[in-house]
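Read through the structure below, which is laid out as structure tokens, and then see the notes.
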Amino acid sequence: MKKKIRIIIEPGCISCGRCQDLAPAVFDIADRARVNADADIQAHEEAIKEAARQCPVQVIKVQEE
Ligand code: SF4
């Protein structure tokens with residue numbers, strides 16, 4: 001069975017918007033990036049992992065549970 005993932009955004013986000021471009025249903029940017037409370041994270045796993053790879057300050061951590 002596929003593992004569930006969990007997103008952690010560590011301090012240091014520079015609000016560049018990249019994660020929101022890649023996964024707009026998941027990430028919101030205000031003063032910093034946040035995960036939408038009602039986002040279907042499992043459905044957007046690949047886009048989330050890509051956002052984590054492309055985050056310029058590497059603050060998006062994806063954990064598999
Ligand atoms: S890609 Fe990284 S730095 Fe840019 S808004 Fe998202 S979390 Fe912040």
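Here the structure is a predicted model, which is why all the values come from computation and not from measurement. Each ligand, and each atom within it, is numbered from 1 in the order the structure gives. Sequence positions, counted from 1, serve as the residue numbers for this chain.
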**Message:** Under 4.5 Å between side-chain heavy atoms, counting indirect links through other Ile/Leu/Val/Met/Phe/Trp/Tyr residues: same cluster for Val57 and Ile29 or not?
**Reply:**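 Val57 does not cluster with Ile29.
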**Prompt:** Under 4.0 Å from ligand 1, counting heavy atoms only, is it the side chain of Ala51, its backbone, both or neither?
**Reply:** neither
**Message:** Taking 4.0 Å as the limit for heavy-atom contacts, which would you say applies to Ile14 with ligand 1: side chain only, backbone only, both, or neither?
**Reply:**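 Contact part for Ile14 vs ligand 1: both backbone and side chain.
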**Item:** Side-chain donor or acceptor of Gln54 paired with backbone N/O of Cys19 under 3.5 Å
**Value:** no
**Message:** Please check: side-chain N/O of Gln58 versus main-chain N/O of Ala52, any donor-acceptor pairing under 3.5 Å?
**Reply:**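 Yes, Gln58 side chain to Ala52 backbone: donor-acceptor pair under 3.5 Å.
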**Asked** Backbone or side chain, does Cys13 get an N/O/S atom under 2.8 Å to atom 6 (Fe) of ligand 1?
**Response**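 No, Cys13 does not qualify, because none of its backbone or side-chain N, O or S atoms lies under 2.8 Å.
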**Message:** Do Lys61 and Glu10 have side chains that approach each other closer than 4.5 Å (heavy atoms only, starting at C-beta)?
**Reply:** yes
**Item:** Residue pair Val59 / Pro11, side-chain heavy-atom distance below 4.5 Å
**Value:**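 The answer is no, as the side chains (C-beta and beyond) never meet within the 4.5 Å cut-off.
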For [X], take its heavy atoms, then give the atoms of ligand 1 lying under 4.0 Å from any of them.
{"X": "Ile29", "answer": "5 (S)"}
{"X": "Val59", "answer": "7 (S)"}
{"X": "Val57", "answer": "3 (S)"}
{"X": "Arg18", "answer": "1 (S)"}
{"X": "Ile60", "answer": "7 (S)"}

**Request:** Identify which one of Ile7, Ile60, Leu22, Val62 satisfies the side-chain contact (heavy atoms from CB on, under 4.5 Å) criterion when paired with Lys49.
**Result:** Val62
Protein heavy atom at shortest distance from [atom]:
{"atom": "atom 2 (Fe) of ligand 1", "value": "Cys55 SG, 2.3 Å"}
{"atom": "atom 4 (Fe) of ligand 1", "value": "Cys16 SG, 2.3 Å"}
{"atom": "atom 6 (Fe) of ligand 1", "value": "Cys19 SG, 2.4 Å"}

**Message:** Among Ala33, Ala23, Gly17, which one puts a heavy atom closest to atom 7 (S) of ligand 1?
**Reply:** Ala33
**Atom of Lys3, atom of Glu45 and distance for their closest heavy-atom approach** =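 Where Lys3 meets Glu45 most closely, the heavy atoms are O-OE1, 4.4 Å.
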**Complete:** When rounded to the nearest 0.5 Å, the distance separating CZ of Phe27 from NE2 of His44 is 10.5 Å
